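A quick note: this is a predicted structure, and the numbers were derived from the prediction, not measured. Just so you know, residue 1 is the first one in the sequence shown, and it goes up from there. No hydrogens, no waters, no symmetry mates; every other heavy atom, side chains included, goes into these values. When a ligand or atom number is given, it counts from 1 through the structure's own listing order.
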Amino acid sequence: MATIASKIQEVSRRIARACDAAGRPVASVTLLAVSKTFGADTVREALAAGQTRFGENYVQEALDKMAALADARARLEWHLIGPLQSNKTRVVAESFDWVHSVDRLKIAQRLSEQRPASLPPLQVCLQVNISGEASKSGLAPTEVEAVARAVSALPRLRLRGLMAIPEPAGDLVAQRRPHRELRELLERLNKTGGPTLDTLSMGMTADLEAAVLEGATLVRVGTAIFGGRPPAEAARSGG
Ligand SMILES: *Cc1c(COP(=O)(O)O)cnc(C)c1O
């Protein structure tokens with residue numbers, strides 16, 4: 001059985017090949033290991049292999065893992081990538097380094113108010129519903145500019161960019177389209193004169209090559225590193 005270390009290496013090779021194909025430096029893409037449903041021991045194994053950035057979907061599960069890994073906190077960067085309800089913003093503001101799933105101004109305002117002064121600003125991305133699916137969370141592309149302007153003004157947040165979870169698509173051409181749309185949206189925002197946004201959080205196990213070809217700066221990879229998740233996970237609601 002492949003170890004987590006060897007699977008991280010294989011994912012890093014996939015990223016490097018895609019960067020080569022795109023004519024981009026390998027260092028321009030960050031790997032976020034999505035550890036949802038896997039325990040603290042598994043995260044520790046990945047950390048021992050040199051992986052320091054972890055993405056979590058469920059707030060309580062993440063808090064439990066953070067507690068179990070408190071001794072390694074200084075080396076870890078925790079990213080919330082799952083849906084965030086307003087009754088959970090305080091613990092998130094107190095515990096995470098990044099939130100990728102900001103999809104309402106109200107959530108951003110609460111995170112800013114609740115971010116402790118002792119911590120650096122919370123790094124955030126706006127989640128965009130790029131495929132236009134009725135069931136998915138995320139801002140409509142047309143809403144993004146106004147929300148980005150308002151979020152940029154919040155004192156305890158630092159708006160870094162955009163995140164999306166495109167609909168699964170079979171081939172590379174179809175996979176690239178939503179990723180390209182998210183990149184173009186970021187480019188348009190960067191022309192409106194606000195603070196420069198440097199992060200495109202897009203690409204997962206199935207489509208990371210398409211995402212890197214379209215400019216992803218951070219790919220969120222779970223399955224290719226940790227293996228399949230239990231089917232029950234699909235039925236869980238976020239938060
Ligand atoms: C679970 C999840 C991932 C990782 O997906 P894989 O297909 O396992 O790589 C990435 N992003 C988000 C938002 C997720 O919920």
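Using a cut-off of 4.0 Å between Lys/Arg side-chain N and Asp/Glu carboxylate O, Asp20 and Arg13 are scored as not salt-bridged.
Counting the atoms of ligand 1 from 1 in the order shown, those under 4.0 Å from a heavy atom of Thr223 are 6 (P), 7 (O), 8 (O), 9 (O). Listed by number with element, the atoms of ligand 1 under 4.0 Å from a non-hydrogen atom of Lys36 are 1 (C), 2 (C), 3 (C), 14 (C), 15 (O). The contact set between ligand 1 and Arg220, taken as ligand atoms under 4.0 Å from a residue heavy atom, comprises 4 (C), 9 (O), 10 (C), 11 (N), 12 (C), 13 (C). The atoms of ligand 1 that sit less than 4.0 Å from any heavy atom of Ile81 are 11 (N), 12 (C), 13 (C), 14 (C). The atoms of ligand 1 that sit less than 4.0 Å from any heavy atom of Gly222 are 4 (C), 6 (P), 8 (O), 9 (O). Each of the following atoms of ligand 1 lies closer than 4.0 Å to a heavy atom of Val221: 9 (O).
Taking the side chain as every heavy atom from C-beta outward, Met66 and Leu76 never approach each other to under 4.5 Å. Here the side chains of His100 and Ile165 are not in contact, with every heavy-atom distance at 4.5 Å or above.
The proximity of His100 to ligand 1, defined as any non-hydrogen pair under 4.0 Å, does not occur for either the backbone or the side chain.
Residue-to-ligand polar distances keep Ala224 apart from ligand 1: every N/O pair is separated by 3.5 Å or more.
Classification of the Trp98-His79 ring pair by plane angle, with boundaries at 30° and 60°, yields parallel.
Each of Gln175, Arg183, Arg177, His179 was scored for a side-chain hydrogen bond (donor to acceptor under 3.5 Å, both in side chains) with Glu214, with one residue passing: Arg183.
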